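Predicted model only: the values in this text are computed from it and were never measured.
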Amino acid sequence: MKQTFERLTLEDIAKEINISRTTIYKVINQKGNVSETTRNTVMEALKKYNYVPNNNARNLAMNRHYAVAYIGFDSRDAAYFSPTIQEGIRQAVLDYGDHGLTVDSYLSSVEQPEQQVEDVRQAYDSGIRHFIIACTDADQMKLTLTWLRDSGCTVILLSKYVGPEYCDSFIGTDDYRSGQLAAEVLGHMIPSDGSLQILIARASHSNMFSTRKKLEGFLNYMQERRPAVRILPLLEDMEDDARIQEALSQALSSRKPDGIYDLTYRLDVISRTLQKMGLQETALTGMDLFPEIVPCIRDHTIDAIVFQNLKAQAYLACRLLFEQMCYGNEIPRRNYHSKLEIVMSGNLDYFLEKSPEPTF
């Protein structure tokens, strides 16, 4: 599925609200006679569509357009991933659209990695030579990534790492360090000789490498720094809400863990299960911040999460490509590892309001 993000013009807004561009211009510049009802309609539309007067339209006046393709995926296991990335893209187009930036976003199911190959070809055939790619299956995409590089295209890999030879830059997290940080936080929340339960989602091409590195970092930290903590047998291969609830309910009834580390990326489901069983005091931590878990952080069912700013990652990728095309800035051949931060009830509102300006 293809979606194009581009800056709305006054002509676009005029069509949306069925009011002439001339009338909208009068409202913006406070000139002429316009009824209060019409004025309110225009002002609400300008706010809704985040319209900002174009004070530097040099590139548009010269008919310069800087097209980027985002090749991404939708995932049932991490439903928040794609919408958050799209927010970052929208913000970049809002900030740079007056200068000509547009982004064509191609999304396919995580279960159909072959579609990403087709999406790359379609974007390339449309004339796009600058790509942001979040791979569902790294192995399946390697030939396509090599072809893009050989064809002179610029490629930024987002969130899912493949290797330095396949891209100009990688933007995402250090998964091993992410697991270490989760272990450090959770280790301070349970007794020194307590027990921990680790939950792992069904392995897929998109999460296999990331989950493995997070688990490795977590276990190594516990072994080195909290050797008396007992790691209970892993609960693995959980592919839907019902399976997660069933397996966790059984484990909580028989094993009585002091803490839980979630790698199913379904903290909302884990939280509901704890609440249903009256076990909110069990220490719980996991990855990523998304709307469904906000109430569970506020009421302390979720004690802490390791936060990576996905919106900022997408924004940075768009900005780097735009600055290369518009200003000739070279993209550094490096990994941009997103700053990892801990979100708890006390600082939650700060992160909910956090801007997409990246910290790496």
Side-chain angles (χ1 to χ4, degrees), residues 77-78 138 159-163 170 172-239 243-244 247-267 269-271 273-274 277 279-289 293 296-297 300-308 335 337-344 347 360:
D77 294 330
S159 186
K160 310 300 179 183
Y161 189 60
V162 179
F170 166 73
T173 59
D174 182 332
D175 291 315
Y176 184 87
R177 175 62 186 132
S178 180
Q180 286 186 312
L181 186 57
E184 183 176 358
V185 171
L186 195 52
H188 287 292
M189 293 180 178
I190 66 173
S192 60
D193 59 349
S195 61
L196 281 176
Q197 182 66 69
I198 302 175
L199 312 177
I200 302 177
R202 172 181 55 87
S204 67
H205 294 299
S206 67
N207 70 24
M208 190 180 304
F209 176 82
S210 175
T211 297
R212 185 170 65 245
K213 296 303 290 185
K214 288 172 185 173
L215 179 61
E216 182 183 351
F218 186 92
L219 293 176
N220 284 349
Y221 182 92
M222 284 297 179
Q223 184 178 10
E224 295 171 5
R225 303 293 184 88
R226 297 284 189 272
V229 170
R230 290 180 296 118
I231 305 298
L232 300 173
L234 303 181
L235 294 180
E236 301 182 82
D237 199 32
M238 293 182 285
E239 60 180 335
R243 169 62 180 147
I244 294 172
L248 181 57
S249 296
Q250 292 177 358
L252 291 173
S253 298
S254 60
R255 300 175 182 176
K256 308 292 185 184
D258 297 294
I260 297 172
Y261 176 43
D262 176 55
L263 284 173
T264 68
Y265 310 101
R266 295 307 308 272
L267 278 169
V269 178
I270 309 303
S271 298
T273 304
L274 289 175
M277 300 183 69
L279 296 174
Q280 294 94 320
E281 296 304 313
T282 304
L284 173 61
T285 189
M287 303 292 164
D288 298 340
L289 177 61
I293 68 171
C296 303
I297 297 175
H300 302 280
T301 303
I302 298 172
D303 295 277
I305 64 164
V306 177
F307 174 76
Q308 57 161 322
N335 291 342
H337 282 145
S338 183
K339 180 181 179 181
L340 296 172
E341 300 178 275
I342 299 299
V343 179
M344 307 175 77
N347 64 358
F360 292 86

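- Interatomic distance, CE of Met344 versus CD1 of Ile297, reported as 10.0 Å (0.5 Å rounding).
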For a side chain to side chain contact (heavy atoms under 4.5 Å, CB included) check, start with the C-alpha distance between Thr285 and Ile342, then their side-chain angles and the critical distance, and finish with the verdict. CA-CA 10 Å; Thr285 189; Ile342 299 299; over 6 Å; no
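- Across all their heavy atoms, Leu235 and Ala251 have their closest contact at CD1-CB, 3.7 Å.
- Taking every heavy atom of both residues into account, Lys214 and Ser178 meet most closely at CE-OG, 4.3 Å.
- Here the straight-line distance linking atom CZ of Arg266 with atom CD1 of Ile244 works out to 6.0 Å at 0.5 Å rounding.
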Give the intermediate values and the outcome of side chain to side chain contact (heavy atoms under 4.5 Å, CB included) for residues Arg226 and His188. CA-CA 9 Å; Arg226 297 284 189 272; His188 287 292; 2.8 Å; yes
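- With sequence neighbours excluded, the residues satisfying ring pair (Phe, Tyr, Trp, His ring centres under 6.0 Å) with Tyr161 are Phe170.
- Residues Asp237 and Ile200 form no side-chain contact, since every pair of their non-hydrogen atoms from C-beta on lies 4.5 Å or further apart.
- A side-chain donor from one of Asp175 and Ser210 sits under 3.5 Å from a side-chain acceptor of the other.
- The shortest side-chain heavy-atom distance between Leu284 and Ile260 falls under the 4.5 Å cut-off.
- Leu232 places a side-chain heavy atom less than 4.5 Å from the side chain of Arg230.
- Within the model, atoms OH of Tyr221 and CG of Leu186 stand 11.0 Å from one another, a figure rounded to the nearest 0.5 Å.
- Using a 4.5 Å heavy-atom threshold, the side chains of Val229 and Asp258 count as separate.
- No side-chain heavy atom of Arg255 sits less than 4.5 Å from a side-chain heavy atom of Ser195.
- By the neighbour-count criterion of 12 heavy atoms within 6.0 Å, atom CD of Gln223 is sparsely surrounded, having that number or fewer from other residues, nucleotides or ligands.
- From Gln180, atom CD reaches atom NZ of Lys213 across 10.0 Å, with rounding to the nearest 0.5 Å.
- Between Ile198 and Leu215 there is a side-chain heavy-atom pair separated by less than 4.5 Å.
- For Gln197 (side chain) and Pro233 (main-chain N/O), a donor-acceptor pair under 3.5 Å exists by modelled atom type.
- Considering only heavy atoms from C-beta on, Leu263 stays 4.5 Å or farther from Phe218 through its side chain.
- Considering every non-hydrogen atom in both Ala182 and Met287, the closest pair reads CB-CE, 3.8 Å.
- Distance CG/Leu248 to CZ/Arg243: 10.5 Å, rounded to 0.5 Å.
- A distance of 3.5 Å separates CD1 of Ile190 from CG of Leu196, quoted to the nearest 0.5 Å.
- Side-chain contact between Gln308 and Asp288 is present, with heavy atoms from C-beta onward closer than 4.5 Å.
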